[in-house]
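One structure below.
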Amino acid sequence: MSTEDRPPAPRSLAEALRARGDAALGALLRSRPDLITPVPTDLTQLATRAGTRASVVRALERLDRFALQTAEALAVAADPATYGELLGLMAGDDADPAVVAALPHAVGLLREQALVWGDDDRLRLVRTARELLAPSPQHPSPTGLGPTVQEATAGMSPGRIQEIVTAAGLASTHDSVSAVTALAGLFTDRARMTALLAGAPADSLDVLERLVWGPPYGQVTHDPAPRLRWLLDRGLLLPTAPGTVVLPREVALHLRRGLAHRTPEPVPPVVEAAAVHRPQVVDSAAAGQAYTALATVEELLKDWDEGGPAVLRAGGLSVRDLKRTAVALDVPEPAAAFWVELAYAAGLIASDGEADERYAATPAYDEWLEQPPAERWSRLVTAWLAATRTAGLVGGRDAKDRTLSALGPGLDRSAAPEVRHRVLALLAGLPEGAAPAAGTVLARLRWERPLRGDRREDDLRGRLAEWALSEAELLGVTGRGALSAQGRALLGAPAAPAPGPEGEPSGPGDKLPVHHHHRPAPLAPLSPAEQAVASAAAARLLAPLLPEPLDHVLLQADLTAVAPGPLQRPLADMLGVLADVESKGGATVYRFTPGSVRRALDAGQAASDLHAFLAAHSRTPVPQPLAYLIDDVARRHGHLRVGAASAYVRCDDDAVLSEILADKRAAGLGLRRLAPTVLAAQADPAGLLEGLRAMGFAPAAESAEGDVLITRALAHRTPPRSAPEPVPDGPPVPDDTLLAAALRAIRAGDLASTTPRKPGTAPAGNGELPRTGAAETLATMQAAVLTGEALWIGYVNAEGAASQRVIAPVRVEGGFVTAYDHTADEVRTYPLHRITGVAELADDAG
């Protein structure tokens with residue numbers, strides 16, 4: 001393209017945006033959705049919003065390390081800078097080929113994000129970004145560079161500047177400006193600077209070596225040592241404040257051989273595989289852990305079936321209740337916090353909202369229990385992927401030094417879903433069955449989002465990534481550290497790359513690097529509809545790997561029963577009442593005790609029911625000791641009756657009551673005989689029941705009518721509750737419909753604000769609405785109907801929002817104008833009283 005054919009260079013960011021097509025403008029709005037919240041009226045307003053501090057900070061936070069290094073280099077370059085100057089700062093005198101290859105993509109990304117604008121011969125960093133990234137004494141640049149010679153000498157006396165110029169071997173000048181220019185020219189001339197430094201004392205060069213990579217500031221006394229005096233006399237160090245000197249930027253760049261950064265990082269760190277397993281082993285291990293996850297959540301909710309722990313006044317679980325839950329689940333406290341938060345995120349538990357507020361299962365839990373196991377797992381992992389509540393923070397401290405509790409406030413971290421998804425996406429990029437080295441995953445994430453990872457929050461993204469890896473293993477998304485087939489489907493990921501010759505299955509001790517010299521396209525987070533499809537696909541892959549529930553147990557002579565696998569729900573529920581769980585694992589061992597048998601009898605079962613149940617579900621004959629135990633407990637069960645007096649005990653056998661009265665252990669119950677078969681007690685019925693059971697008796701509670709009470713409590717449920725909503729990380733990414741509407745509105749507003757008007761017909765500039773009287777507005781409209789000309793109007797809608805439009809009037813009648821609206825690309829009707837004014841367009845208006 002010739003110089004004459006080339007479009008004029010943009011003079012502002014707004015002009016640069018105006019030159020973009022809809023696809024490029026849409027890419028900007030997708031990557032920076034805060035720019036259309038709300039939709040700007042035109043491209044000038046869009047450019048202004050793109051330059052605000054909050055929006056620029058958010059955009060910088062989302063840059064990868066090399067793109068950020070490129071922006072930092074532009075911040076210390078001339079404004080504007082050429083692409084060649086930028087390349088010199090990034091690649092140095094040696095022109096690092098990796099940097100040369102990666103720089104066009106980085107510059108393109110900065111342009112797409114509207115952080116850089118202008119052609120390659122006039123690259124400009126957005127002013128706010130330059131202010132944030134340029135070096136200053138208060139905010140040192142990540143490059144380690146200091147101020148330029150011109151900036152450092154701004155307050156220096158002209159005489160001192162001339163002394164420095166002379167000592168540096170330059171001719172004196174008539175003014176300070178030309179002297180500073182000459183000194184900067186010397187420092188940027190490689191040959192002359194090399195000659196100047198060749199005559200420097202060795203200890204003076206040592207001083208420069210200590211300052212060259214930053215920080216560039218140093219301390220000096222009022223009488224500097226000779227090695228410092230030599231540098232100060234020649235301007236290689238310049239004073240910035242009493243007792244402080246700085247290494248000028250031009251000198252540092254010469255010593256660095258032109259590099260703005262000590263270590264440019266154009267290529268992302270490689271995610272290495274610590275071990276590679278057979279895919280079948282990974283999927284089986286993940287499926288086993290998925291089954292354990294389901295069992296753990298069921299056990300948690302069963303433990304809270306009659307009402308869980310109390311809600312703290314500030315919200316959440318107390319430390320004591322979390323410890324008790326961890327003991328009940330037989331897991332460490334951090335794992336217990338994770339399972340509690342997962343059930344909460346999936347909408348399975350919530351606060352019951354009563355006066356004595358407690359946590360309990362929701363009605364959704366009962367629906368969840370009825371689903372097939374794979375679908376129940378799918379619901380848990382889908383909730384985990386999207387949840388912003390972060391269980392790993394439990395036990396830490398908030399900004400006010402208050403302890404963060406499980407289910408309490410302050411656990412939301414909006415970056416958590418993105419980090420989880422990105423960690424799993426990195427695993428999906430490895431060959432099938434490859435488990436990554438955790439350190440390389442963290443290094444990759446820090447490269448992709450360096451600003452957030454390097455802040456004072458103790459590398460929150462790194463901790464989120466570590467928690468994501470461990471939680472994915474707990475849930476069965478990964479197995480032995482590698483992404484499972486169902487985990488891959490959960491992301492909507494394509495098939496895994498095949499392992500190379502070095503990727504053969506190995507033991508866990510082998511560390512196998514899996515190199516990706518190209519940068520694979522990252523997996524984008526799925527929309528809710530896409531995630532539902534992916535979750536269903538993951539459930540289908542998992543279903544065949546889960547064990548089939550069994551309808552039998554193996555009864556043993558030592559009063560135990562062995563369940564060799566998962567049990568069908570009715571069998572598991574009944575066995576959980578009749579026996580106590582002694583050990584878990586691949587096979588669950590239940591133990592029958594007098595207390596557990598009495599629990600079944602209290603729940604309304606008869607001895608004959610228990611015998612029939614065991615005979616129907618045991619693959620081995622019912623052992624005689626177990627049959628005797630059931631009969632013995634049943635025979636004694638209900639022989640004593642406890643009711644409310646405060647409480648009383650009655651028994652047809654007065655000898656039994658006499659035995660109780662004679663027992664020293666009954667002293668605390670406050671018993672006295674009212675009749676040969678009745679004892680009264682000062683204790684309440686529940687305390688009396690426990691006391692008599694502790695003495696070895698088997699009493700039963702009775703109602704006021706004298707009937708035996710069935711003590712099986714109804715499951716406590718909360719009112720219907722919805723799962724907690726994730727806290728978004730900024731405005732949501734616009735969908736295609738919203739994006740198209742926003743682009744149309746911005747283009748329309750920009751057309752109205754930039755269309756040329758005839759001189760003298762409207763206020764000039766600043767996008768002001770035209771102002772004309774009612775008579776003039778009507779006459780201009782009527783004339784435009786006859787001539788077919790387009791007009792520029794100001795319009796205020798019913799909500800009071802003002803806008804500018806370009807219309808071609810078709811008809812004016814009844815106080816309305818019907819016109820083709822160029823800005824909306826449709827025919828519309830406007831009330832004349834809402835039109836603030838009208839202006840004719842210039843004859844050459846496009």
Going by atom types only, do S55 and R49 share a side-chain donor-acceptor pair under 3.5 Å?
no

Can you tell me if CZ on R122 sees more than 12 non-hydrogen neighbours from other groups inside 6.0 Å?
no

Please determine whether salt bridge (Lys or Arg N to Asp or Glu O under 4.0 Å) holds for the pair E448 and R65, giving the CA-CA distance in whole Å, both sets of side-chain angles, and the decisive distance to 0.1 Å.
CA-CA 6 Å; E448 291 180 348; R65 189 178 298 280; over 6 Å; no

Check whether the side chains of T382 and S535 place a donor and an acceptor atom closer than 3.5 Å, and report yes or no.
yes

Residues forming a side chain to side chain contact (heavy atoms under 4.5 Å, CB included) with D736, sequence neighbours excluded:
R30

Whether R488 side chain and A428 backbone form a donor-acceptor pair below 3.5 Å:
yes

Step through the shown structure and confirm whether more than 12 heavy atoms of other residues, nucleotides or ligands are within 6.0 Å of CZ on R11.
no

Considering all heavy atoms, the nearest L123-R111 contact
CD2-NH2, 3.2 Å

Working to the nearest 0.5 Å, report the span between OH of Y795 and OG1 of T836.
11.0 Å

Can you tell me how far the CD1 atom of I793 sits from the CE atom of M781, to the nearest 0.5 Å?
5.0 Å

Could you measure the distance from the CZ atom of R62 to the CG atom of D64? Nearest 0.5 Å is fine.
13.5 Å

Measuring from L35:CG to R58:CZ, what's the distance to the nearest 0.5 Å?
10.5 Å

Verdict with supporting geometry, Q113 and S31, side-chain hydrogen bond (donor to acceptor under 3.5 Å, both in side chains):
CA-CA 7 Å; Q113 298 277 312; S31 61; 3.0 Å; yes

From E112 atom CD to L25 atom CG, the distance as rounded to the nearest 0.5 Å:
11.0 Å

Partners meeting side chain to side chain contact (heavy atoms under 4.5 Å, CB included) with A443 (sequence neighbours left out)
P269

Ring centre gap for F816 and Y830 strictly below 6.0 Å
no

How would you list, by chain and number, every residue that makes a side chain to side chain contact (heavy atoms under 4.5 Å, CB included) with T390, sequence neighbours excluded?
L393, R413, A416, L464, W467

A819 backbone acceptor or donor facing R811 side chain under 3.5 Å
no

